[in-house]
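One is the number of the first residue; the rest follow in order along the sequence.
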Amino acid sequence: MREYLLTLCVTAAVTYLLTGPVRKFAIVAGAMPEIRARDVHREPTPRLGGIAMFFGLCAGLLVADHLTNLNEVFETSNEPRALLSGAALIWLIGVLDDKFEIDALIKLGGQMIAAGVMVMQGLTILWLPVPGVGTVALTQWQGTLLTVALVVITINAVNFVDGLDGLAAGMVCIAACAFFLYAYRIWYGYNIEAAAPATLFAVILMGMCLGFLPHNMHPARIFMGDSGSMLIGLVLAAGAISVTGQIDPDVMKLFSGSERNAVHQMVPVYIPLVMPLTIIAIPAADLVLAIVRRTWRGQSPFAADRGHLHHRLLEIGHSHSRAVLIMYFWSALIAFGALAYSVNSASMWIVLGVVFLSAIGLIMLLLPRFTPRAPRWAERFVPPRYRRRRAAPVMPVEQPEPVGREQREPVAAGAAGASGVNGATAVGHRR
């Protein structure tokens, strides 16, 4: 665990320290597009934040390669090299898109090529665990198509949800944290070495997101762009492929009692192979809704609009920060709920806890303009918007004394400063 923590800190530190120089480079390079109709920010903001995230990924893999326990991952498996090859290709396509805005079909082709590069180097789905049936072996073509489909779906799901400051990085960080805990449990708890690459991918992904978030929180100083969103989507998909398609439930049944129980325990992991509903449930739902919405209107599925979930939260009255926090809440609820279910699926307390937290989430959605107020003793520790407003003291208004006609004096223009009357409107003596 200490080596994973060191890898996490190094990845986060490199990403954080490089984001500032990358921001200056993006400004000089002109990677600051004009504000579009679907954007919510008000000022042009530089992109290319994915450059810092990619170098953070390289730093994390380099450090892990020189650590004693994690070095075995590079010696016994080719998956880290496959991840780096696919990440470099998808990152290069994202950088070109952030600068020149290439066509959506070209990006889709690049995503498929990046997934194919990983497949050629061994990062692919070999078998698929099916509940109630067991392990289903896949042919080479079936595994390739399923791997490419999962990578493309995950990349576009993360790319679609990247619409608010800090939203995509925070949601992927939450998903990576839950995924790390699950993969580490399989590797350390069951002593299955095949889960070590997925654990390493998850901890590096957490470091990339944590290092970039301080620069990307509202108001964002830099955006990750497609170079960052597609990169973290590919790393997340690579972890899901590694822990699901490479781990044989026949090995886990030695610890679970039977293969059926082993398959049952892998439910939170193999569901993302069909549709990432547990690890990135909110981005996947947003992706499906966007495709249905755009095709229903006769538009291209890649045509941008303002109908995403985060846009709808803003339209019903939520602030920018509140909309991001609500999306964080639902992502954490689904990801960690699936994690808790994988640990003890027979516990009723887990179901009750998920139902209770879901009710809290619905209340948050239905109260867009409600602002909680801190108690008096805690006001100095919270931002000003959460403090109670004190009524301003009411000053007594003196009523002017009635002045008779015989007491009125003519006001000269030169006396305007003394009498409080504007000199341009002063009235001279009249009989």
Side-chain angles (χ1 to χ4, degrees), residues 4-26 31 39-41 43 45-60 87 91 94 98 154-155 157-181 201-236 239 279-280 282-283 286 308-310 313 318-333 335-336 383:
Y4 283 119
L5 183 60
L6 177 60
T7 305
L8 170 66
C9 293
V10 170
T11 306
V14 172
T15 305
Y16 176 80
L17 295 176
L18 288 181
T19 303
V22 167
R23 178 178 182 272
K24 296 180 180 179
F25 170 75
D39 294 332
V40 289
H41 58 280
E43 298 180 358
T45 306
R47 296 183 181 179
L48 295 178
I51 296 178
M53 304 179 79
F54 176 74
F55 283 104
L57 169 67
C58 296
W91 169 74
D98 290 339
T154 308
I155 289 176
V158 177
N159 192 18
F160 277 25
V161 83
D162 184 23
L164 297 180
D165 298 347
L167 180 58
M171 293 180 65
V172 172
C173 183
I174 293 172
C177 181
F179 201 81
F180 168 76
L181 294 176
F201 297 165
V203 76
I204 291 178
L205 183 57
M206 278 194 293
M208 295 165 58
C209 296
L210 290 176
F212 185 73
L213 268 176
H215 300 273
N216 191 234
M217 294 302 293
H218 183 70
R221 301 178 67 249
I222 185 174
F223 294 151
M224 69 172 65
D226 284 358
S227 59
S229 61
M230 293 196 299
L231 176 63
I232 60 178
L234 182 135
V235 177
L236 186 60
I279 304 301
I280 49 171
I282 303 300
D286 194 14
H308 294 288
L309 296 178
H310 49 271
L313 289 176
H318 291 286
S319 64
H320 191 291
S321 301
R322 189 192 298 268
V324 172
L325 292 177
I326 289 176
M327 299 285 281
Y328 285 177
F329 174 83
W330 282 105
S331 298
L333 176 62
F336 286 97

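With sequence neighbours excluded, the residues satisfying side-chain contact (heavy atoms from CB on, under 4.5 Å) with Leu18 are Val14, Ala52, Phe55. Under the side-chain contact (heavy atoms from CB on, under 4.5 Å) criterion, Leu5 pairs with Leu8, Cys9, not counting sequence neighbours. Checked against side-chain contact (heavy atoms from CB on, under 4.5 Å), Leu213 has the following partners two or more places apart in sequence or in another chain: Ala169, Met217, Tyr328. With sequence neighbours excluded, the residues forming a side-chain hydrogen bond (donor to acceptor under 3.5 Å, both in side chains) with Asp226 are Lys107, listed by chain and number. Looking at residues two or more places apart in sequence or on another chain, you find a ring pair (Phe, Tyr, Trp, His ring centres under 6.0 Å) between Phe54 and Trp91. Partners of Ser227 by side-chain hydrogen bond (donor to acceptor under 3.5 Å, both in side chains), not counting sequence neighbours, listed by chain and number: Asp98. Looking at residues two or more places apart in sequence or on another chain, you find a side-chain contact (heavy atoms from CB on, under 4.5 Å) between Ile326 and Leu313, His318, Arg322, Trp330, Met364, Leu365.
Taking OG1 from Thr154 and CG from Leu236, the interatomic distance works out to 6.0 Å, rounded to the nearest 0.5 Å. Atom-to-atom distance recorded for Ile51:CD1 and Leu231:CG is 11.5 Å, nearest 0.5 angstrom. For the atom pair CG (Leu234) and OG (Ser229), the distance works out to 11.5 Å, reported to the nearest 0.5 Å. Rounded to the nearest 0.5 Å, atoms CE (Met208) and CE (Met53) are 4.5 Å apart. To the nearest 0.5 Å, the span separating CE on Met224 from CG on Asn159 amounts to 10.0 Å. Rounded to the nearest 0.5 angstrom, Phe201 CZ and Phe180 CZ are separated by 14.0 Å.
Shown here for Tyr4 and Val203, the closest heavy-atom pair between the two residues is O-CG2, 3.5 Å. Contact detail for Asn216 and Ile222: the closest heavy-atom pair is ND2-O, 2.9 Å. Nearest heavy atom pair, residue Gly49 against residue Phe212, reads CA-CE1, 3.8 Å. Contact detail for Thr45 and Ala220: the closest heavy-atom pair is CG2-O, 3.9 Å. Counting all heavy atoms, side chain and backbone alike, His215 lies closest to Gly20 at CE1-N, 4.3 Å. Residues Ala168 and Ile232 approach most closely at O-CD1, 4.4 Å, considering heavy atoms.
Contact check for Leu205 versus Val172: side-chain heavy atoms found under the 4.5 Å cut-off. Residues Phe336 and Cys177 are in side-chain contact: their nearest non-hydrogen atoms beyond the backbone lie under 4.5 Å apart.
For Phe329, the CZ atom sits in a packed shell: over 12 heavy atoms of surrounding residues, nucleotides or ligands are nearer than 6.0 Å.
Sequence neighbours left out, not one pair with a member in residues 15-24 passes side-chain hydrogen bond (donor to acceptor under 3.5 Å, both in side chains). Annotation: salt bridge (Lys or Arg N to Asp or Glu O under 4.0 Å) contacts involving residues 4-17, sequence neighbours excluded, are absent. Under the salt bridge (Lys or Arg N to Asp or Glu O under 4.0 Å) criterion, no residue pair touches residues 9-22, with sequence neighbours excluded.
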Step by step, would you call Val161 with Leu167 a side-chain contact (heavy atoms from CB on, under 4.5 Å)?
CA-CA 7 Å; Val161 83; Leu167 180 58; 4.0 Å; yes

